[in-house]
2 protein chains.
Amino acid sequence: MRLTTKGRYAVTAMLDLALHADNGPISLAGISKRQEISLSYLEQLFSKLRQNDLVSSVRGPGGGYRLSRSSDEIFVAQIVDAVNESIDATNCGGTGSCRNGEICLTHHLWCDLSDQIHDFLSGISLASLVARKDIQEVSERLDKEEALQKAEADSMQRISASSLG
Amino acid sequence: MRLTTKGRYAVTAMLDLALHADNGPISLAGISKRQEISLSYLEQLFSKLRQNDLVSSVRGPGGGYRLSRSSDEIFVAQIVDAVNESIDATNCGGTGSCRNGEICLTHHLWCDLSDQIHDFLSGISLASLVARKDIQEVSERLDKEEALQKAEADSMQRISASSLG
DNA sequence: TATATACCCTACCATTACAGTCAGGATTAC
DNA sequence: GTAATCCTGACTGTAATGGTAGGGTATATA
C-alpha cells in the first residue's frame, strides 16, 4: 500500500487548483508558495497529472494549470492513482502470486481492504472538498498568508527601486 | 500511510497461529516454512507482537508462541499497529502540524481516511478470518505442502542414516 | 524582436525504510 | 549436557521517496 507525501501533495495541489479555479490558469509557483511544496517537485507531479488527463496546461506568461474537467468530476482516488503507481494493499499487485506463485493466506483480506480504500476515495470529489467548511477556512488562511508575503515583497522592491533611482 | 510487507507478514503469521491454535505452542520455524517468511525476520516481528501483548512465548524445546487471548479478541488493526508505527494516513501523525506548524489543506481528508481504514481493520478479528472458507482452503494447501516436505526430509534422513549404519 | 514568465524534461542525489542476514545469547525439555 | 526454541542487537543491500539542478520550449507582452 502506497500512500505517501507524493499522493498527499498531489491531492493538495489539485485542491488548490479547484479552490482558485475562477482566477484563470494557476501557476505552480503560486501553489508552491501557498502549499509550501517544492516547485521542482510539483512539476514532476503535474507531469503525471497531465499525462492522466486530470489537468491541462497553458504556457507562457500568465499561464499555468487548469483542471481538465469540472471539479465534481475529479475524484481523490484518480489523483492518487495518477502519481502513485497503485493504491493496492496487496503485495502481489492483485495478481495472486504472493506466496510462491499462488495466493498467500491473507491475500483476500488485502483485496478487501484495497476495495474499501478505493471505494472511499472514489467517492470524494474535489468539489465536495471545496464545499467543506474546515477546508475553506484553511484555504482562506493560506491565501491571506500569501497576500501578506506578496505585499512585503512588493514593498521591498519599491524601496530597492527608489534607492536605485 | 504505512502498510507494507511488514504488517502483512505479521497478520499472516498471527493468522497461522490462530489456525493452529489447537496444536499447542507454534514454533516460528513452522510458521517460517508454511508462510515462507524468513525466520530471523519473524523473530523481529514477534518481538514487537509480544511487547504489544498479542502473543505469549514458551521457551525451550517444544516451545513456541501462543495467542495471548482468544482469536475473537484480536483484531487486524492491533496487529498492524504493533509492527508498524502507525496506520495513520496523515503526514503529521495526526498532530495537525503538517504545513508549517499548522494544518495543511488536506489534513481533514487524511484524518477521515485514517478513521475509515482503522474502522475497517478494527472490525476484523482473527476468528472471523479463520472462519472464512477461502482462507481455510489456502491454509489446507499450505499444511499439506508442509507435510509433504517433512515426509521428504524424513525419508532423506532415513536413507542417510541407513547408509551410515 | 527581445524578454520574462511559465511549462517541460532528464538526470542526479541524500535520506530513509524495508526486508533480510548474521551472530550470538538465554531458557528449558529431554 | 544437548538440542530446540525464544530473544536481542548489529549490520546491510536495495528501492523508494522527496527533492535539487539545469537545462530546455512555448508564448504573452513591451
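Keep in mind that what you see is a predicted model, and the values were worked out from it rather than measured. Worth knowing before you read on, the calculation uses all heavy atoms, side chains too, and leaves out hydrogens, waters and symmetry mates. Lettering follows sequence order; numbering is per chain, from 1.
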Decide side-chain contact (heavy atoms from CB on, under 4.5 Å) for A:Ile31 and A:Leu39; before the verdict, give the C-alpha distance in whole Å, the side-chain angles of both, and the deciding distance to 0.1 Å.
CA-CA 8 Å; A:Ile31 300 179; A:Leu39 177 58; over 6 Å; no
Measure the angle between the two terminal helix axes of the helix from C:dT1-D:dA30 to C:dC30-D:dG1, five base pairs each, and quote it to 10°.
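Here the local axes at opposite ends form an angle of 10°.
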Does the side chain of [X] get closer than 4.0 angstrom to OP1 or OP2 of [N] through an N or O atom?
X       : N      : value
A:Arg50 : C:dC7  : no
B:Thr5  : C:dA19 : yes
A:Tyr9  : D:dG19 : yes

In terms of ring plane angle, is the pair A:Tyr9 and A:Tyr41 parallel, tilted or perpendicular, where the classes change at 30° and 60°?
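Ring orientation of A:Tyr9 relative to A:Tyr41: perpendicular.
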Using a strict cut-off of less than 4.0 Å between a Lys/Arg side-chain nitrogen and an Asp/Glu carboxylate oxygen, indicate whether [X] and [Y] qualify as a salt bridge.
X        : Y        : result
A:Arg132 : B:Asp112 : yes
A:Arg99  : B:Glu145 : yes
B:Lys33  : B:Glu146 : no

Protein-nucleotide distance ([X], atom [atom1]; [N], atom [atom2]), rounded to Å:
X       : N      : atom1 : atom2 : result
A:Lys48 : C:dC8  : NZ    : P     : 16 Å
A:Leu45 : D:dG18 : CG    : P     : 9 Å
A:Asn23 : C:dA6  : CG    : P     : 14 Å
B:Leu17 : D:dT5  : CG    : C1'   : 15 Å
A:Phe46 : C:dC9  : CZ    : P     : 15 Å
A:Arg8  : D:dT17 : CZ    : C1'   : 11 Å
A:Lys6  : D:dA16 : NZ    : P     : 9 Å

Sugar-phosphate only, base, or nothing, as touched by B:Ile26 at under 4.0 Å among non-hydrogen atoms
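Sugar-phosphate contact only.
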Determine the sole option in A:Val55, A:Leu54, A:Leu121 for which the side chain to side chain contact (heavy atoms under 4.5 Å, CB included) test with A:Ile79 is passed.
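Single pass found, and it is A:Leu54.
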Looking at B:Leu17, B:Asp22, B:Asn23, which hits side chain to side chain contact (heavy atoms under 4.5 Å, CB included) with B:His20?
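That would be B:Asn23.
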Indicate yes or no: at least one non-hydrogen side-chain atom of A:Arg69 is less than 4.5 angstrom from one of A:Ile74.
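They are in contact (side-chain heavy atoms under 4.5 Å apart), so the answer is yes.
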If we only count heavy atoms from C-beta on, is the B:Ile26 to B:Arg66 side-chain gap below 4.5 Å?
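No, their side chains stay 4.5 Å or more apart.
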Selection: residues 27-41 of chain B, any non-hydrogen atom under 4.0 Å of DNA chain D:
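DNA chain D contact set from residues 27-41 of chain B: B:Ser27, B:Leu28.
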Residues touching DNA chain D, which here means a heavy atom under 4.0 Å, drawn from residues 59-68 of chain A
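Heavy-atom cutoff 4.0 Å gives A:Arg59, A:Gly60, A:Pro61.
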B:His118 versus B:Asp81, side-chain donor and acceptor atoms under 3.5 Å:
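Per modelled atom types, B:Asp81 and B:His118 side chains form a pair under 3.5 Å.
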A:Glu43 side chain: which of C:dC8, D:dT20, D:dG18 is closest?
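Between C:dC8, D:dT20, D:dG18, the one nearest the side chain of A:Glu43 would be C:dC8.
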Name the closest nucleotide to the A:Ser57 side chain, picking from C:dG20, C:dC8, D:dG19.
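Nearest to the side-chain atoms of A:Ser57, counting from C-beta on, is C:dC8.
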To the nearest 0.5 Å, how far apart are CD1 in A:Ile135 and CG in A:Leu126?
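With rounding to 0.5 Å, CD1 (A:Ile135) is 9.5 Å from CG (A:Leu126).
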If you take atom types as modelled and just measure distance, does the side chain of B:Gln44 reach the base of C:dT21 with a donor-acceptor pair under 3.5 Å?
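Result: at least one qualifying N/O pair found.
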Determine the minimum heavy-atom distance between B:Ser122 and B:Phe75, stating which atoms define it.
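Scanning both residues completely, I find the closest heavy atoms to be O-CD2, 3.0 Å.
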